[in-house]
Amino acid sequence: MNEWWRDAVIYQVYPRSYQDSTGDGLGDLAGITRRLPHIADLGADCIWLSPIFQSPQKDMGYDVSNYTAIDPLFGDLDSFKTLIDTAHDLGLKVIVDQVLSHTSDQHDWFKQSRQDRTNDKADWYVWADPLPDGSPPTNWHSHFGGPAWEFDPGRGQYYLHNFLGSQPDLNFHNPDVVDAILETCKFWLDVGLDGFRLDTVNYYFHDDKLRSNPPANTRPQVMATDLYGMQKNIYNKTRPENIAFLERLRTLTNQYDDIMMVGEVGEMGERSIEIMGEYTQGTDRLHMTYSFAMLGPDFNAEHFRNCIEGFQKGAPDGHPYWSFSNHDVPRHVTRWAEHASSEDTIARMACSMLMAFPGTIGIYQGEELGQTETELVFEELTDPPAIRFWPAVKGRDGCRTPMVWEKDAPNAGFSTGKPWLPVKAPQAANAVDQQGDGSILDYYKTVIAYRKASAALSGTKTEFVDLPEPLFAFHRIADDQTLLCVFNLSADTHKLTVSGDATITGPHAATLSRGELSLPANGYVYLETTGKVTLK
């Protein structure tokens, strides 16, 4: 089997914000299809579409009301099939977000479930009686603020929701729920999808004894919604029963040719790396996973090394997926600005570093333009947590603003109508038509092509080099090539002594002369080596 995904570059498309073809201010499937050549020309192997299924859009599609219907906002089944066929003609695979842990409260399953305690779907969601004092069954928190339980007066019970109150959690302890979910996945595989990105993949099962979580014994996070982080979330997610469900999903995908599943691990820190390992062990679980481990503010050599080494030790036969940005976190050019001499230097260094990591690589739309976070005012917000907790929480809208194609066109070429989120001048300045020779876009194309042509970067063997912060270095090793990859994670110049046979290869921002390697602010280099080479 080809297993195309093992060293692939996957490009995430946020459909609402990619290209509007109708002038209604919302991106759509026809618009994405029009722009697929941009993604193919970049050198990507696959596109990941954020949710496109029928939804009331209270959480931008992550609240699904019909798992087997395209939301009319984006098009219909025929337009989706056209997108898949066009992508395949361009050599691109297509995967779609599957939000299986919860549905919208407008889903027919939930509408029936909440009617009474005896109907056919009464146990399809997580229902529980109030405690004697009327309070929720457990102390679990919602990610979006407040308790993870909503009282329903019709049933006289609480239902579980890890996110919005309009996103009730399915009861995966019910085998009928599992069978129904698997049928919806099969539907899209039959349509022609190449796989799934599984949202919140460690949230499917809850503790069926409804035990409350212990405290985390850490200080609360800065975010106003992050009471969640004050608990050890051991009973509301990442339950052991999850493994058996992942194995059933893998059994389903194995019935088709060359399908890939990547799971999003909703966890931070070392625990996220452990879960990545657990969920990809062997050949009967997920093909790969990614976590939020590299999507936070941490920007130092120890952190990146711990992420990669932790995964390699925890799942030596597993496969990781690494990315620096997505639709849920501030864009990394802005997030890591304090470590950069300029937006340009951090964009190039981050690209070079990410493309040198072992495993599969993810790019979020606009990342290839060096795009920055958009500053919004309250009246421009659409993200529920931001609206509820402003100004303590800025929310996720700043990384979701429309893709910019033409700097001087209305809305930078995204739409002829008023876009759902504004296109502002700092972002429009990075438009595709401004990205000529030597641009960030040109650089991404160059580094992706270099990665694909490099035996060492296409493999998995990685050996880290002990260097003081802020220097980060590792060997990537193949039978016929060894690369020493070195990165300066600071805005200061640093110099190293290179002992042995080493030559600069590929795109770089460094000089090597008479054994002295000079790395300018956010400098980076790939050194092709022969024999033993050391740095100090």
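In this chain, residues are counted from 1 in sequence order.
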Using the ring of each side chain (for Trp, its six-membered ring), is W405 parallel, tilted or perpendicular to Y18, with breaks at 30° and 60°?
perpendicular
Taken in chain and number order and not counting sequence neighbours, the residues that satisfy side chain to side chain donor-acceptor pair (under 3.5 Å) with T529 are none
Just say parallel, tilted or perpendicular for the rings of W336 and H332, cut-offs at 30° and 60°.
tilted
Beyond-backbone contact of L295 with N326, side-chain heavy atoms, under 4.5 angstrom:
yes
Between I308 and P358, which heavy-atom pair has the shortest distance, and what is it?
CG2-CG, 4.0 Å
Verify whether one side chain among H327 and Y62 offers a donor that lies under 3.5 Å from an acceptor in the other.
yes
Should the pair R250-E247 be classified as a salt bridge under the 4.0 Å nitrogen-to-oxygen rule?
no
All heavy atoms of F74 vs all of D28, minimum pair found to be O-CB, 3.5 Å
If the plane angle is over 60° it's perpendicular, under 30° parallel, otherwise tilted; pick one for F163 and H143.
parallel
Taking the side chain as every heavy atom from C-beta outward, state whether P320 and M276 have any atom pair closer than 4.5 Å.
yes
How are the rings of F304 and F357 set to each other: parallel, tilted or perpendicular (split at 30° and 60°)?
tilted
Is the count of non-hydrogen atoms from other residues, nucleotides or ligands lying under 6.0 Å from E302 atom CD greater than 12?
no
In this structure, are over 12 heavy atoms from other groups packed under 6.0 Å from D479 atom CG?
no
Salt-bridge contact R197-D97 (side-chain N to carboxylate O under 4.0 Å)
yes
Take M260 and K93, measure what side-chain contact (heavy atoms from CB on, under 4.5 Å) needs, and give me the verdict at the end.
CA-CA 10 Å; M260 178 273 288; K93 304 287 188 179; over 6 Å; no
Could you go through H475 and V465, starting from their C-alpha distance and side-chain angles, then the distance that decides it, and tell me whether this counts as side-chain contact (heavy atoms from CB on, under 4.5 Å)?
CA-CA 7 Å; H475 296 276; V465 179; 3.7 Å; yes
Donor-acceptor pair, distance only, cut-off 3.5 Å: does the side chain of D397 make one with the backbone of D383?
yes
State plainly whether the residues E380 and K424 are in salt-bridge range, i.e. N to O under 4.0 Å.
yes
Any side-chain donor-acceptor pair under 3.5 Å between Y203 and N242?
no
Using a strict cut-off of less than 4.0 Å between a Lys/Arg side-chain nitrogen and an Asp/Glu carboxylate oxygen, indicate whether E274 and K313 qualify as a salt bridge.
no
Could you tell me whether K81 and D85 have a side-chain N and a carboxylate O separated by less than 4.0 Å?
no
Salt bridge or not between R305 and E309? Use side-chain N to carboxylate O under 4.0 Å.
yes
Is there a donor-acceptor pair closer than 3.5 Å between any side-chain N or O of Q54 and the backbone N or O of I70?
no
Output yes when E267 and K237 qualify as a salt bridge under the 4.0 Å nitrogen-oxygen rule, no when they do not.
yes
Judged by modelled atom types alone, do T200 and S101 share a side-chain donor-acceptor pair under 3.5 Å?
yes
Of the non-hydrogen atoms in Q312 and F464, which two are nearest, and what is the gap between them?
OE1-CE1, 4.3 Å
Is any side-chain N of the basic residue among D328 and R396 closer than 4.0 Å to the acidic one's carboxylate O?
yes
Backbone of L483 reached by a side-chain donor or acceptor of R476 within 3.5 Å
no
For Y279, does the six-membered ring have the charged nitrogen or CZ of R285 within the cation-pi criterion, i.e. under 6.0 angstrom from the centroid and within 45° of the normal?
no
Is D24 salt-bridged to K418, cutoff N-O under 4.0 Å?
no
Between S17 (side chain only) and Y14 (backbone N and O only), is there a donor and an acceptor less than 3.5 Å apart?
no
Tell me yes or no: between the side chains of D59 and Q167, is some donor less than 3.5 Å from an acceptor?
yes
Treating Q19 as the side-chain partner and G413 as the backbone partner, does any N or O pair qualify as donor plus acceptor under 3.5 Å?
yes
Is it the case that the side chains of S454 and Y526 hold a donor-acceptor pair, with the cut-off being a distance below 3.5 Å and no angle test?
no
